[in-house]
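Before any comments, here is the structure.
In this text the structure is predicted, and so the values were computed from the model without any measurement. Convention: sequence-line order gives letters A, B, ...; per-chain numbering from 1.
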Amino acid sequence: MAALSRRWYKDRLSPDWAPKSREASQAIFTAVGLTGPFWTLPGGVPPPSSPAR
Amino acid sequence: MAAPLSTTDLRVRREILDTFVAGHIPTRIGVMRALDLEYADVAASYAALAATHVIVAHPETGEVWMAMPFSAVPTPFSVMVRGRSVWANCVWDAFGIAAALETDVSFVTPCPVSHQPIAAGVRHGVAYAAPGAVVHVGVPAPRWWDDIGYT
């Protein structure tokens with residue numbers, strides 16, 4: 001969880017902050033091993049590495 | 001799709017977060033005064049920030065309810081950071097406060113099952129939690145914003 005939080009929030013107070021795209025947000029989940037339909041944000045499709053359910 | 005955030009929206013966002021970091025709860029009046037804006041401008045920015053999920057406005061007051069990772073209302077995640085206590089929305093956000101502020105934090109939250117306190121935090125940049133602690137995410141990502149207060 002802490003690894004996800006770090007990637008998700010590390011730029012939150014940066015002067016250069018901008019909203020994350022859906023793709024960038026999804027990439028954070030994938031980077032910390034959170035894949036599959038449960039972790040697929042609206043408007044997206046499960047990444048290819050997602051386990052089939 | 002929501003419109004892109006304006007320069008004013010971004011200034012309002014930053015003022016909201018800075019107010020939380022300072023240990024206070026932001027208000028539209030406070031933001032208006034701090035940034036020398038008209039009330040209508042602040043209200044418009046709140047609407048834009050809520051539409052883009054940057055903040056969650058309280059449904060009754062219109063004030064900030066959540067400006068992730070911070071909460072304006074008490075939650076089970078009271079986070080000690082830099083000698084003061086702030087509220088996080090969830091465990092994700094409790095650790096997120098450490099990430100956003102690049103500092104150590106500590107928090108104790110009750111286990112929703114056993115009601116026993118669970119200590120966790122970030123010490124010297126390393127996250128820790130009580131042995132056996134498990135994070136339960138009960139709502140799938142596609143439905144987080146159906147009811148973000150519940151999520």
Side-chain angles (χ1 to χ4, degrees), chain A, chain B residues 1-5 9-11 13-14 16-18 20-21 48-49 51-55 67-70 77 79 88-105 107 120-123 125-129 133-146:
Chain A
M1 179 52 72
L4 170 62
S5 300
R6 189 164 50 249
R7 289 172 183 264
W8 194 264
Y9 282 117
K10 66 181 181 181
D11 67 340
R12 192 57 52 120
L13 294 173
S14 166
D16 300 324
W17 178 89
K20 290 182 182 67
S21 67
R22 196 204 69 81
E23 290 74 18
S25 298
Q26 196 69 64
I28 290 174
F29 295 153
T30 301
V32 296
L34 301 174
T35 58
F38 189 95
W39 290 98
T40 300
L41 294 164
V45 295
S49 59
S50 301
R53 292 194 179 182
Chain B
M1 180 179 232
L5 298 175
D9 298 337
L10 294 173
R11 290 178 65 215
R13 169 194 172 274
R14 185 58 196 239
I16 289 169
L17 289 175
D18 285 348
F20 276 117
V21 170
L49 293 168
T52 49
H53 296 174
V54 174
I55 67 169
M68 288 66 83
F70 300 101
F77 297 91
V79 180
N89 299 291
C90 58
V91 66
W92 179 346
D93 288 358
F95 282 116
I97 289 173
L101 273 63
E102 299 181 8
T103 191
D104 289 355
V105 303
F107 57 95
V122 175
R123 185 185 302 124
V126 179
Y128 67 91
V134 174
V135 173
H136 174 71
V137 180
V139 179
R143 302 188 62 181
W144 283 344
W145 286 90
D146 290 357

Completion exercise
Correct closest heavy-atom pair for B:A127 and A:A2 would be CB-CB, 3.3 Å

Completion exercise
Residue from B:A120, B:A129, B:A141, B:A94 scoring the most non-hydrogen pairs under 4.5 Å with chain A is B:A141

Fill in the blank from the handout: Per-residue tally against chain A (heavy atom, under 4.5 Å) across B:V21, B:V91, B:V54 peaks at B:V91

No hydrogens needed, just list the donor-acceptor pairs between chain A and chain B under 3.5 Å.
from  : atom 1 : to     : atom 2 : distance (Å)
A:S5  : OG     : B:W92  : O      : 2.7
A:Y9  : OH     : B:D93  : OD1    : 2.4
A:R12 : O      : B:R13  : NH2    : 2.5
A:R12 : NH1    : B:M68  : O      : 3.0
A:L13 : O      : B:R14  : NH1    : 2.5
A:L13 : O      : B:R14  : NH2    : 3.4
A:F38 : O      : B:A141 : N      : 2.7

Fill in the blank from the handout: Note: vs chain A, highest number of non-hydrogen pairs under 4.5 angstrom among B:I97, B:V139, B:V137 is B:V137

Handout entry: Set of side chain to side chain contact (heavy atoms under 4.5 Å, CB included) partners for A:A27, sequence neighbours left out
Key = none

